[in-house]
Amino acid sequence: MNRIDYLFQTKKERVLSIYVTAGFPNLEDTLPVMEAIQAAGADIIELGIPYSDPIADGPTIQESNTQALENGMSIKTLFSQLLGFRAKIHVPVILMGYLNPIMQFGVVEFCKKCKQVGIDGLILPDLPMSQYLEEYKALFEEYGLFISFLISPQTSEKRIREVDEHSSGFIYMVSSHAITGAKSAISKEQEVYFERVAGMNLNHPRLIGFGISDAATFQLASRYSQGAIIGSALIKHIAYSLDLNKDIHAFIKGVLTPE
Amino acid sequence: MIQVDEKGFYGKFGGAYIPEMLYPNVEELRENWEALVASPSYQEEFQQLLRDFVGRPTPLYFAARLSETFGAKIYLKREDLCHTGAHKVNNTVGQIILAKKLGKKRIIAETGAGQHGVATATVCALMGMDCTIYMGELDIKRQRPNVERMRILGAKVVPAVSGSKTLKDATNEAMRAWIADPVGTHYIIGSVVGPHPYPEMVARFQSVISEEIKWQLKAKEGRENPDLVIACVGGGSNAAGAFYHYYNEPAVRLIAAEAAGLGIHSGKSAATSVLGTPGILHGSKTLVMQTEDGQVIEPHSISAGLDYPGIGPVHAHLHAVGRAEFVGVEDEDAMKAGILLSRTEGIIPAIETAHAIHALNQITFNPNDLIVINLSGRGDKDLETYIQWGNY
Ligand SMILES: Cc1ncc(COP(=O)(O)O)c(C=O)c1O
């Protein structure tokens with residue numbers, strides 16, 4: 001069974017997924033950062049493949065992308081770093097990336113490598129669902145790769161049902177009209193949207209992402225879904241870290257400790 | 001047949017590779033634009049503005065001394081005489097009426113050199129719409145007069161400080177701003193790039209260029225089709241407009257002049273048809289200048305309007321099927337062609353446009369050939385570049 005399905009079967013609430021850019025803050029930090037995230041109690045690791053033009057992301061994640069690229073990160077390097085990572089990491093690991101670098105690497109080769117190293121799923125924000133169904137669905141399934149599509153407050157009910165039909169693992173629920181970036185509070189309007197989607201009885205669990213940054217927002221998001229995804233807030237926290245292990249632990253413990 | 005399909009593809013290129021957060025915005029446009037543009041009330045307003053505000057039809061001018069110089073019969077399509085000094089305004093007029101009909105309150109746009117920004121700020125002032133222009137921080141420094149023009153017109157100019165701080169980053173920022181306000185905002189993209197339906201929509205608004213060339217040439221020469229049409233290509237909107245009604249007239253040669261910068265293989269170039277490989281940029285599959293790892297490369301051209309690491313999907317297709325001939329024109333040659341046109345015809349062209357003029361030196365044609373060059377813009381905005389180059 002895919003690790004993502006297994007996770008959601010055994011844990012129904014307060015699932016914490018942590019996004020971090022691969023090769024950040026330093027090229028060789030990928031694995032140590034993943035280990036620290038797992039040890040601190042996160043349930044899913046979402047590894048970002050850095051890209052020069054990440055249009056769905058805010059300044060914090062874009063800067064971490066730029067930094068990782070300057071560090072020399074590439075898909076090739078990432079897979080060489082990930083070789084054998086399953087000896088240490090048992091939580092589900094998802095690769096998040098824009099389509100262009102993956103296309104240049106070769107989508108088939110990419111899927112092969114994912115399976116070979118032990119990746120469970122993908123988030124590809126600029127791959128439209130229609131294109132996925134036409135070109136990639138069979139391929140991803142062949143290599144056992146789950147895919148999470150995104151929904152936002154503007155997504156129609158009909159479209160949400162389509163996303164539910166074609167996603168595997170979980171649905172990525174974007175919290176607001178926004179790009180990624182740590183915001184401080186969650187508005188009433190957002191809660192109405194969370195509640196509306198929660199009431200739709202979807203087949204897949206939902207994780208809420210974008211703007212989740214601390215214990216309070218994590219707790220609130222978890223009230224309306226199975227959990228949440230945090231990216232920018234952690235990246236900000238470790239950008240200049242002198243002790244990654246300690247800082248990641250402190251951050252994640254902080255998020256997981258109810259206020 | 002050169003034609004866009006249902007999903008926005010021209011052959012292998014095009015489509016809408018966008019984050020789900022943009023899906024409702026793009027879908028709203030896709031579902032509505034064609035019917036809206038075809039409606040009588042739209043057409044009435046559009047035609048009236050093109051005529052009375054933009055100054056259309058623009059002349060098709062027989063360039064006698066230029067013809068003599070090159071040994072062919074050369075006409076210039078005078079888009080430089082459009083209000084604001086370039087073809088860009090054809091598209092912004094078209095889109096702002098659309099935005100109004102869709103009930104949008106606010107307009108955003110990206111700009112490189114500032115020409116599209118000025119054309120957008122102009123129509124926003126005309127319609128009393130709130131206007132925000134995203135512009136690379138570096139470009140803001142390089143294109144000061146256009147920044148001030150936009151401000152005089154009441155637009156807010158927001159610097160794009162991410163990535164390479166130029167046009168591609170300004171486009172990223174505009175897309176992000178659109179994600180942040182999907183309901184009230186319309187994004188006026190400035191060229192035949194971006195996710196479907198933008199490339200075809202912008203081309204349609206610019207197609208007035210070749211529509212006019214056809215009847216003007218008929219009146220002057222007794223034939224609708226020239227032997228060659230030449231246009232410069234940044235994103236490709238003026239070229240798409242000049243080629244549009246000739247796409248499927250195989251006897252008409254289509255010549256696309258790209259910016260070769262300091263030389264196609266110098267590492268300082270924007271010749272996408274040669275240096276680009278299939279990839280995804282700003283929501284469409286097209287030719288993209290990129291590294292082996294798929295990271296987008298910052299191009300170079302002396303003309304800011306051609307300084308873009310991709311080309312519109314329709315041009316990638318025209319290139320792939322051999323329908324258009326692409327020529328790479330270097331900085332120095334474009335500048336010389338700008339001076340040549342100034343001296344032979346009394347027209348100082350935009351440096352983008354000067355690339356199209358120089359293409360005459362890089363292609364072969366027959367002495368009796370009838371050539372139309374799309375004079376996409378005037379050189380006022382480029383005075384500083386001409387002065388710095390200094391070789392006149
Ligand atoms: C005068 C002029 N010509 C050409 C261009 C290039 O754009 P496009 O290729 O979309 O026509 C620009 C862009 O700013 C321009 O100002």
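Residue numbers start from 1 in every chain, and the chains themselves are labelled A, B, ... in the order their sequence lines are given, proteins ahead of strands. Only this structure's heavy atoms are used, side chains among them; waters, hydrogens and symmetry mates stay out.
- When the side chain to side chain contact (heavy atoms under 4.5 Å, CB included) test is applied to B:A155, the partners found at least two apart in sequence or on another chain are B:A121, B:C131, B:I133, B:M150.
- With sequence neighbours excluded, the residues that form a ring pair (Phe, Tyr, Trp, His ring centres under 6.0 Å) with A:F105 are A:F79.
- Proximity to chain A is limited to the backbone of B:I18, based on heavy atoms less than 4.5 angstrom apart.
- Closest of all the heavy-atom pairs between A:P101 and B:G294 is CG-O, 3.9 Å.
- Looking only at side-chain heavy atoms (C-beta outward), A:I55 and B:P19 come within less than 4.5 Å of each other.
- Remark: A:H237 engages A:F251 in a ring pair (Phe, Tyr, Trp, His ring centres under 6.0 Å) (not counting sequence neighbours).
- With a threshold of 4.5 angstrom between heavy atoms, A:P153 does not approach chain B through any atom at all.
- Residue B:V183 touches chain A through its side chain alone, counting heavy-atom pairs closer than 4.5 Å.
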Return one line per donor-acceptor pair between chain A and chain B under 3.5 Å, naming both atoms and the distance rounded to 0.1 Å.
unit_1	atom_1	unit_2	atom_2	d
A:P50	O	B:Q295	NE2	3.2
A:S52	N	B:Q295	OE1	2.7
A:S52	OG	B:V296	N	2.9
A:D53	OD1	B:K168	NZ	3.3
A:D53	OD2	B:K168	NZ	3.0
A:D53	OD2	B:N172	ND2	2.9
A:P54	O	B:R176	NH2	2.7
A:D57	O	B:R176	NE	2.8
A:D57	O	B:R176	NH2	3.2
A:Q62	OE1	B:R176	NH1	3.0
A:Q62	OE1	B:R176	NH2	2.7
A:N100	OD1	B:I280	N	2.8
A:N100	ND2	B:Q290	OE1	2.7
A:N100	ND2	B:G294	O	3.0
A:Q104	NE2	B:P278	O	3.0
A:Q104	NE2	B:Q290	OE1	3.3
A:E134	OE2	B:K7	NZ	2.3
A:R159	NE	B:E20	OE2	2.8
A:R159	NH1	B:Y23	OH	3.1
A:R159	NH2	B:E20	OE1	2.9

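- Among A:L99, A:L69, A:V174, A:L127, the residue making the largest number of heavy-atom pairs under 4.5 Å with chain B is A:L69.
- Both the backbone and the side chain of B:M21 come within contact range of chain A, judged by heavy atoms closer than 4.5 Å.
- With a 4.5 Å cut-off on non-hydrogen atoms, A:I102 does not touch chain B at all.
- Using a 4.5 Å cut-off between heavy atoms, B:P195 does not touch chain A at all.
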